[in-house]
Amino acid sequence: MYRTHNCGELRMANVGEEVTLSGWIQGSRDLGFMMYTDLRDRYGITQLIFTEENTTKEVFESARTLGREYVVKVKGTVLERKSKNPNIPTGDIEIDVNDLEILNASKVPPFTIEDDTDGGDELRMKYRYLDLRRKPVQENLIFRSRVAVETRSYLSQAGFIEVETPVLIKSTPEGARDFVVPSRMNKGQFYALPQSPQTFKQILMVGGFDKYFQLVKCFRDEDLRADRQPEFTQIDCEMSFVTQEEILNTFEGLTRYLFKTCKGLDLPEFPRMTYDEAMEKYGSDKPDTRFGMEFHNLNGVAKGKGFPVFDSAELVAGINAEGQADNYSNKDIKKLTEWMQRPQIGAKGLVYVKFNTDGSIKSSVGKFYSDDDLKAWGEEFGAKPGDMLLILSGEEEKTRKQLNELRLEMGERMGLRNPQEFKPLWVVDFPLLEWDEDTERFHAMHHPFTSPKKEDVERMMNGDHETMKALRADAYDLVINGVEIGGGSIRIHDRDLQSRNFDLLGFTREEAMAQFGFLLGAFEYGAPPHGGLAFGFDRLCAVMMGQNTIRDFIAFPKNNQGRDMMIDAPSPIHDEQLDELCLGIHLPKEA
RNA sequence: GGUAGCGUAGUUCAAUCAGGCAGAGCAGGGGAUUGUCUAUCCUCAAGUUGCGGGUUCGAUUCCCGUCGUUACCGCCA
């Protein structure tokens with residue numbers, strides 16, 4: 001028997017017991033006449049003690065040969081410690097070892113297996129099996145498991161059926177780039193890995209499974225970020241005979257349940273905000289509502305006073321950094337301005353107005369505006385003495401985007417983005433279509449099966465080009481703390497409306513039939529009204545734990561270049577494999 | 001595809017600004033140590049400064065290229 005207990009469970013109550021433990025050597029502290037060794041497994045750390053008095057010479061000498069990460073089995077007696085360690089649960093006891101068996105030696109690991117490791121990202125990924133031994137990574141994966149279990153529990157309880165959908169499917173032109181898989185039996189043809197099980201879950205609705213869910217891997221061949229992996233997991237759901245309202249309530253319920261059971265937290269309200277309002281007040285379709293600092297439009301009070309930059313701008317708008325007037329010297333503001341002018345943000349400049357606590361007003365555009373003018377601005381914001389307005393101007397969409405970055409940065413600097421606080425938000429009424437200037441065609445903002453709002457259907461069937469830009473969809477996103485957790489929509493279940501949507505998206509009838517004929521076909525056999533949503537499962541876990549990278553919630557993640565550093569994938573394949581698939585490699589020529 | 005940063009001992013970093021013997025913490029080896037707990041003290045070892053080229057009497061440092069990596073922008077229905 002390798003163990004009678006794990007390394008995290010022995011307490012004072014066990015004193016005197018003969019126990020057997022197995023685990024990894026965390027480290028040793030050799031005091032000469034006696035030696036302490038920490039034995040670790042995923043449950044905790046238990047201290048082993050070897051002394052000249054009580055330990056046989058053979059065992060003691062063997063113990064001195066133990067290196068970090070050796071795997072051992074020990075037998076011994078649980079003792080009460082003379083000096084206790086209040087920092088760990090097993091800190092009151094130690095094991096007086098009388099038998100030590102080295103199960104496996106270990107090379108010296110390339111980084112320390114500690115909570116605060118000295119290992120960089122690259123090493124940690126290459127030696128992921130060592131990184132996985134670290135407590136923070138284990139805690140994240142255990143948390144993820146918990147969230148998965150509770151998700152299944154909640155949705156099953158609510159009558160949802162978990163159905164698996166295929167991973168080898170068909171490439172579709174819309175959306176992200178597909179990962180493709182060559183077919184040996186169908187030479188020259190390819191499967192694609194699903195970007196999401198979208199069409200399958202809709203088919204399941206036609207098939208009568210009126211409540212479907214799945215924890216499912218999705219694949220998108222796009223460039224990566226800290227919160228984006230080429231393969232990721234969704235909580236994918238679809239329901240029949242429901243309105244948007246019922247869907248939002250169902251998944252608000254799921255979200256509340258997950259926070260309650262996995263974090264012990266009761267979430268506050270799930271307010272609703274239209275896409276237009278989010279863009280206007282926050283310049284983002286995923287605003288962080290842990291803090292206010294909403295945009296205020298200054299077109300009315302700032303234009304027509306002779307400041308050419310503002311006069312020629314489509315939008316003049318700003319935020320109020322409350323109480324920051326004294327915290328920002330001219331130098332600080334210059335730095336902030338330079339930060340805003342980085343190519344990633346691309347602001348032309350930044351105007352400030354300080355309402356100093358002594359009642360004076362200071363502004364970078366004081367030359368053009370009287371104190372009374374500036375006071376009028378302050379009134380727009382409800383600014384108090386000590387507040388500082390930060391104002392941008394320019395083309396409307398760009399300015400909003402830049403102001404969003406500024407707002408988030410100021411929120412960060414002012415400590416308003418508390419990782420322990422959770423503010424959910426439904427953003428609703430997304431536009432149905434997005435006009436792409438480059439390709440001169442419409443894209444589906446959500447996906448091509450999204451239904452326009454009922455009141456917009458008539459206009460969609462008959463309207464002109466400009467009308468199409470203004471169509472709203474029954475599409476919604478759940479945002480928590482400025483992170484898009486997931487989204488969904490009511491789907492089109494009518495074949496004619498779906499055809500019209502394909503028309504607008506620039507599909508010919510033939511293309512639509514070739515790509516989605518199976519779905520259009522299904523819609524001719526009594527498709528129920530349906531809708532659904534999907535949550536990014538990895539992201540949800542990260543947000544719940546207040547972290548902004550999803551990598552440590554995935555056991556074997558890929559790096560920025562989409563490489564698995566541990567197994568070193570992707571990799572070339574043998575010529576025989578290529579031949580079998582009738583594939584040739586044509587690398588791009590060097591420039 | 002782009003922008004920015006990083007690449008130096010097993011590892012995390014310093015030295016690079018202004019070219020002149022490449023240094024520290026941790027990890028590792030050896031020793032000491034009567035209650036440690038990421039022990040402490042002494043000591044030893046550890047380097048193709050990512051790679052290639054250029055400038056220079058001399059390059060870790062400056063320049064060009066390249067590769068790797070991170071964050072972000074584009075992209076991600």
Side-chain angles (χ1 to χ4, degrees), chain A residues 26-40 45-53 64-65 67-69 79-88 90-92 94 107-127 130 134-135 172-178 195-196 198-199 218-230 232 339 341-346 401-402 405 430-434 436 438 442-450 473 475 477 484 487-489 501 505 534 536 548-549 551 559-561 563 565 588 590-591:
Chain A
Q26 177 71 29
S28 292
R29 295 172 292 283
D30 189 343
L31 276 65
F33 75 106
M34 61 174 12
M35 182 171 80
Y36 302 103
T37 296
D38 289 334
L39 190 66
R40 185 197 71 236
I45 283 180
T46 298
Q47 177 166 289
L48 313 178
I49 181 168
F50 304 88
T51 65
E52 282 176 349
E53 263 174 73
R64 282 217 156 94
T65 68
R68 287 163 52 215
E69 302 308 313
L79 299 183
E80 178 176 3
R81 290 204 204 179
K82 279 186 182 152
S83 52
K84 298 180 178 173
N85 180 358
N87 299 319
I88 59 172
T90 61
D92 288 346
E94 62 198 349
K107 293 210 289 190
V108 174
F111 53 86
T112 56
I113 315 293
E114 286 165 14
D115 291 4
D116 279 312
T117 181
D118 62 6
D121 291 335
E122 202 177 339
L123 267 186
R124 289 178 49 211
M125 286 224 223
K126 181 169 179 193
Y127 298 92
L130 296 179
R134 294 173 51 238
K135 199 162 109 192
T172 57
E174 276 276 319
R177 233 173 259 118
D178 285 317
Q195 299 171 26
S196 85
Q198 183 59 37
T199 49
C218 302
F219 306 86
R220 292 177 191 176
D221 186 9
E222 295 293 345
D223 287 359
L224 306 177
R225 293 283 190 282
D227 64 346
R228 277 174 13 197
Q229 285 273 301
F232 60 100
W339 184 82
Q341 288 170 333
R342 282 157 51 233
Q344 270 85 349
I345 297 182
K401 222 170 162 178
Q402 293 161 357
E405 297 293 338
F430 275 77
L432 182 71
L433 303 168
E434 219 174 0
D436 186 330
D438 295 337
F442 281 111
H443 284 282
M445 183 117 177
H446 184 54
H447 59 52
F449 316 106
T450 301
D477 276 0
E484 181 191 327
S489 63
N501 205 23
L505 295 172
N548 48 24
T549 166
R551 283 187 201 155
N559 75 4
N560 250 11
Q561 274 65 242
R563 296 203 70 84
M565 304 289 279
E590 297 294 327

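Chain letters run A, B, ... following the sequence lines, proteins first, then strands; residues in each count from 1.
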Visitor: Verify the distance criterion only: is there a donor paired with an acceptor across the side chains of A/Gln198 and A/His447 at less than 3.5 Å?
Guide: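 Side chains of A/Gln198 and A/His447: pair found under 3.5 Å.
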Visitor: Once you apply a heavy-atom cut-off of 4.0 Å, does A/Gln26 come out as touching a base, just sugar-phosphate, or nothing?
Guide: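 The residue A/Gln26 makes no contact with any strand.
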Visitor: Taking 4.0 Å as the cut-off, does a side-chain nitrogen or oxygen of A/Gln561 come that near to OP1 or OP2 on B/U69?
Guide: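 Answer is yes, contact under 4.0 Å.
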Visitor: Quick one: list whatever passes ring-ring contact (aromatic ring centres under 6.0 Å, His included) with A/Phe50, sequence neighbours left out.
Guide: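 Residues passing ring-ring contact (aromatic ring centres under 6.0 Å, His included) with A/Phe50: none at all.
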Visitor: Tell me whether the OP1 or OP2 atom of B/G74 has a side-chain N or O from A/Arg228 closer than 4.0 Å.
Guide: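 Indeed not, no polar side-chain atom of A/Arg228 lies that close.
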Visitor: Give a yes/no on whether any side-chain N or O of A/Arg29 is located under 4.0 angstrom from OP1 or OP2 of B/U33.
Guide: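 So the side chain of A/Arg29 is outside the cut-off, no N or O lying under 4.0 Å from OP1 or OP2 of B/U33.
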Visitor: Give the rounded distance in Å between these two atoms: CG of A/Asp227 and C1' of B/U70.
Guide: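 Taking atom C1' of B/U70 as the reference, CG of A/Asp227 is at 14 Å.
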Visitor: We want to know whether A/Asp178 and A/Gln195 form a side-chain donor-acceptor pair, criterion being a heavy-atom distance below 3.5 angstrom.
Guide: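 Present: a donor and an acceptor within the cut-off.
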Visitor: Separation of A/Asp178 atom CG from B/C76 atom P, in whole Å?
Guide: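 So the two atoms are 13 Å apart, to the nearest Å.
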Visitor: Which part of the nucleic acid does A/Glu69 contact within heavy-atom distance under 4.0 Å: base, sugar-phosphate only, or nothing?
Guide: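 Result for A/Glu69 = nothing.
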Visitor: What is the nucleic acid contact for A/Thr117, judged by heavy atoms within less than 4.0 Å: base, sugar-phosphate only, or nothing?
Guide: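 Answer is nothing: A/Thr117 stays at 4.0 Å or more from every strand.
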Visitor: Students often get this wrong, so: under 4.0 angstrom with heavy atoms, is A/Met445 touching a base, only sugar-phosphate, or nothing?
Guide: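 Sugar-phosphate: the residue A/Met445, judged by heavy atoms under 4.0 Å, touches backbone atoms but no base.
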Visitor: From the options B/U38, B/U70, B/U69, select the nucleotide whose nearest atom is closest to the side chain of A/Glu114.
Guide: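 For the A/Glu114 side chain, the nearest candidate turns out to be B/U38.
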Visitor: Can you figure out which of B/A71, B/G10, B/G68 approaches the side chain of A/Asn560 most closely?
Guide: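 The answer is B/A71.
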Visitor: Give a yes/no answer on whether the side chain of A/Asn559 brings an N or O atom under 4.0 Å of OP1 or OP2 in B/U69.
Guide: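 True: A/Asn559 side-chain N/O within range (under 4.0 Å) of B/U69 OP1/OP2.
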Visitor: What nucleic acid atoms does A/Gly120 come within less than 4.0 Å of, heavy atoms only: base, sugar-phosphate, or nothing?
Guide: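 A/Gly120: backbone/sugar contact only, no base atoms under 4.0 Å.
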Visitor: Does A/Lys135 have more than 12 heavy atoms from other residues, nucleotides or ligands lying within 6.0 Å of its NZ?
Guide: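 Not buried by this count: 12 neighbours or fewer within 6.0 Å.
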Visitor: Check every atom of B/G35, B/U69, B/G10 against the side chain of A/Arg563 and return the nucleotide holding the closest atom.
Guide: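 Among the listed nucleotides, the one closest to the side chain of A/Arg563 is B/U69.
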